[in-house]
Amino acid sequence: SFFLPLDRVSRALQLIQEEQPVTRGGLLATFERKPYPEAIRLGLSEDEEVAFRKAFPERDGVLVIKQIVPAGPLSGVAQVGDIVLALNDQRLSDFVTLDAILDAHVGDTVALRLQRDGQVIEANVTVADLHAVSPDVLIEGCDAVFNDLSYQVARHYMIPVRGVNIASSGYCFDRAGVFRGNVITAIDEKPV
């Protein structure tokens, strides 16, 4: 079953009542929870493990970067397997806190602290607007359907979030060998 934490529902309701957009932020990356023994193998230091256990005695693990979309906020900054220590100086070990911080800082720069092979890495990254990388319009033509490339499709193909997704190829494009799921990045060598 799916549930939304009450504080996120309250936040969304308050924004709607204030006639403000309900923002959704992200780093165009996926994270996974790893138990301490596995995080130690990835490079979580003993000091950080102790600090996490003290801060979160009810939890047994940390967030680790699982995937990074090219040309996203974490490109060139983080690597798959990096351990998330803190965001805006707030130590975190759960997805709800991560999402809450990102949602509250869309378009802003946040301070990210990671650990890789025992070394602490600090970087400032800009929080992406997930609504901006989620298409809300489509074009139909020749029985085909096109939309802007979404974050989800870019993540699947591990490509930057730019280009046109062929959601349905239709007769004309099928005959030309251009199929559903292809991404158009240029036409006549002009980027799209």
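This is a predicted model, so every value here is computed, not measured.
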So do the side chains of K34 and R41 get within less than 4.5 Å of each other, counting heavy atoms only? no
What one should report as the nearest heavy-atom pair of V80 and Q67 is CG2-CA, 4.1 Å
Counting only heavy atoms not in E58, do more than 12 sit closer than 6.0 Å to its CD atom? yes
Mind checking whether R33 and S93 have side chains closer than 4.5 Å, heavy atoms only? yes
V127 vs D108 side-chain heavy atoms within contact, under 4.5 Å: no
Which of R113, R91, Q115 passes side-chain hydrogen bond (donor to acceptor under 3.5 Å, both in side chains) with E48? It is R91
Quick one, S169 and V178 - any side-chain contact, counting heavy atoms below 4.5 Å? no
Is the shortest heavy-atom distance from the side chain of L85 to the side chain of L44 under 4.5 Å? yes
Would you say the side-chain atoms of N88 pair up with the backbone N or O of Q90, donor to acceptor, closer than 3.5 Å? no
Go through L28 and L74 one step at a time and tell me if the side-chain contact (heavy atoms from CB on, under 4.5 Å) criterion holds. CA-CA 7 Å; L28 304 189; L74 294 183; over 6 Å; no
Indicate yes or no: at least one non-hydrogen side-chain atom of D94 is less than 4.5 angstrom from one of L63. no
Roughly how far, to the nearest 0.5 Å, is the CG atom of N147 from the OG atom of S134? 10.5 Å
Check: A29 main-chain N/O paired with Y151 side-chain donor or acceptor under 3.5 Å: yes
Are F31 and I101 linked, directly or through other ILVMFWY residues, by side chains that come within less than 4.5 angstrom of each other? yes
Evaluate F146 against I166 for side-chain contact (heavy atoms from CB on, under 4.5 Å), listing each step before the verdict. CA-CA 5 Å; F146 307 90; I166 301 176; 3.8 Å; yes
For F173 against A144, the heavy-atom pair lying closest together: CD1-CB, 3.7 Å
Atom NE2 of H105 and atom CG of D103: how far apart are they, to the nearest 0.5 Å? 10.5 Å
For F56 versus L92, what's the shortest heavy-atom pair and its separation? CZ-CA, 3.9 Å
Does the side chain of L114 come within less than 4.5 Å of I65's, by heavy atoms? yes
Atom CZ of R180 with >12 non-hydrogen neighbours under 6.0 angstrom: no
Shared hydrophobic cluster, I68 / I121 (ILVMFWY, side-chain heavy atoms < 4.5 Å): yes
May I ask whether V133 and L102 are part of the same hydrophobic cluster, defined by side-chain heavy atoms of I, L, V, M, F, W, Y residues being less than 4.5 angstrom apart, directly or through others? no
Rounded to the nearest 0.5 Å, the CG atom of L42 sits from the CG atom of D82 at a distance of 9.0 Å
Interatomic spacing from CZ in R155 to OG1 in T30 - rounded to 0.5 Å: 6.0 Å
Side-chain donor/acceptor of T185 to backbone N/O of R162, under 3.5 Å: no
Would a single hydrophobic cluster contain both V64 and L98, if residues Ile, Leu, Val, Met, Phe, Trp and Tyr are joined by side-chain heavy-atom contacts under 4.5 Å? no
Determine yes or no for a side-chain-to-main-chain donor-acceptor pair under 3.5 angstrom, with D99 supplying the side chain and V96 the backbone. no
Which atom pair, heavy atoms only, marks the closest approach of A154 to L149? CB-CD2, 4.0 Å
Is there a path of hydrophobic side-chain contacts, each under 4.5 Å between heavy atoms of I/L/V/M/F/W/Y residues, joining F95 to V84? yes
Would you say that more than 12 heavy atoms from the other residues, nucleotides or ligands in this model lie under 6.0 Å from the CD of E18, or not? yes
For P73 and V77, work out which heavy atoms get closest and say how close. O-CG2, 4.1 Å
Check the surroundings of atom CG in L13: do more than 12 heavy atoms from other residues, nucleotides or ligands lie under 6.0 Å from it? yes
Is any side-chain heavy atom of P160 closer than 4.5 Å to a side-chain heavy atom of P70? yes
Provide the closest heavy-atom pair for T23 versus V106 in the form atom of the first, atom of the second, distance. CB-CG2, 3.6 Å
D148 side chain to V164 main-chain N or O, any donor-acceptor pair under 3.5 Å? no
